[in-house]
Amino acid sequence: MTDALAAFLRARFAEELEKARFASGTVTQDPERFGVAPEEAARHARFSVATAEVHLALLEETVIPRLGAEGAAGQTAEYQLRLLAAPYVEHNDYPHDQG
């Protein structure tokens, strides 16, 4: 289950990063169209991209390497994986436990 969940999250976070980069380019080019000030559009764009990058880095560099480890490290990694996945539980591709 953890391998499937990690792969699922990797795909979701990559999608979120792609969307954030696209949206940041769109909103910063024409912020008035979206009813926001240029400074606010730029700040929100940076925040959205940074959030997506942080989620992906946390998954790849901290959680996945420790999945399956013995003891507290493995338990913590699995808990972190489930926390990161929680917002996506209703996604059609979410790998629910089959057992």
Side-chain angles (χ1 to χ4, degrees):
M1 169 66 177
T2 57
D3 289 342
L5 192 53
F8 169 80
L9 275 179
R10 184 180 282 133
R12 298 296 73 75
F13 291 162
E15 287 173 358
E16 293 298 325
L17 181 55
E18 185 178 329
K19 287 178 190 176
R21 287 179 175 156
F22 176 79
S24 70
T26 302
V27 75
T28 55
Q29 288 176 3
D30 191 9
E32 291 81 20
R33 176 178 165 205
F34 298 98
V36 296
E39 301 81 23
E40 180 66 18
R43 186 187 67 74
H44 183 71
R46 287 190 304 273
F47 178 82
S48 296
V49 170
T51 299
E53 289 173 340
V54 165
H55 284 145
L56 194 53
L58 179 65
L59 178 68
E60 295 289 351
E61 298 171 17
T62 304
V63 177
I64 290 176
R66 290 166 183 78
L67 287 174
E70 296 294 322
Q75 291 173 344
T76 300
E78 188 167 335
Y79 178 67
Q80 290 170 331
L81 182 71
R82 293 183 186 283
L83 285 175
L84 288 170
Y88 300 95
V89 72
E90 293 186 23
H91 189 282
N92 288 338
D93 296 330
Y94 187 94
H96 294 280
D97 287 329
Q98 300 299 315

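Only heavy atoms go into these numbers, but all of them, side chains included; no hydrogens, no water, no symmetry mates.
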(request) Measure across A41 and V36 and return the closest heavy-atom pair with its distance rounded to 0.1 Å. (result) CB-CG2, 3.7 Å
(message) If you count heavy atoms of other groups shown closer than 6.0 angstrom to CD of E70, is the number above 12?
(response) no
(message) Using modelled atom types and a 3.5 Å cut-off, is there a donor and acceptor pairing between side-chain atoms of S24 and backbone atoms of R21?
(response) yes
(request) Could you pull out all residues at least two apart from R43 that satisfy salt bridge (Lys or Arg N to Asp or Glu O under 4.0 Å)? (result) E40
(message) Would you compute the distance between atom NE2 of H96 and atom CG of L5 and round it to the nearest 0.5 angstrom?
(response) 10.0 Å
(message) Measuring only between side-chain heavy atoms, which start at C-beta, is E16 closer than 4.5 Å to S48?
(response) no
(message) With a 6.0 Å cut-off (strictly less than), is the heavy-atom count around CZ of F47, excluding the residue itself, greater than 12?
(response) no
(message) Within this structure, what is the NE2-OG1 distance for the pair H44 and T28, rounded to the nearest 0.5 Å?
(response) 11.5 Å
(request) Heavy atoms only: give me the nearest R10-I64 pair and the separation to one decimal. (result) NH2-CD1, 3.0 Å
(request) Please round to the nearest 0.5 Å and tell me the distance separating atom OG1 of T51 and atom CG of L56. (result) 12.5 Å
(message) Looking at Y79, I want to see if its OH is surrounded by more than 12 non-hydrogen atoms of other residues, nucleotides or ligands under 6.0 Å.
(response) no
(request) State, to 0.1 Å, how close V49 and L17 come at their nearest heavy-atom pair, and which atoms those are. (result) O-CD1, 3.9 Å
(request) Measure across L81 and A6 and return the closest heavy-atom pair with its distance rounded to 0.1 Å. (result) CD1-CA, 3.9 Å
(request) Give, for atom CD of Q80 and atom CG of L59, the distance between the pair rounded to the nearest 0.5 Å. (result) 10.0 Å
(request) Taking only Lys NZ, Arg NE, NH1 and NH2, and the carboxylate oxygens of Asp or Glu, determine whether R46 and E53 approach each other closer than 4.0 Å. (result) no
(request) For atom CD of E15, decide whether the heavy atoms of other residues, nucleotides or ligands shown that lie under 6.0 angstrom number more than 12. (result) yes
(message) Ring-plane angle category for F13 and H55, please: parallel below 30°, perpendicular beyond 60°, tilted otherwise.
(response) parallel
(request) Any chance you could measure Q75, atom CD, to E78, atom CD, to the nearest 0.5 Å? (result) 8.5 Å
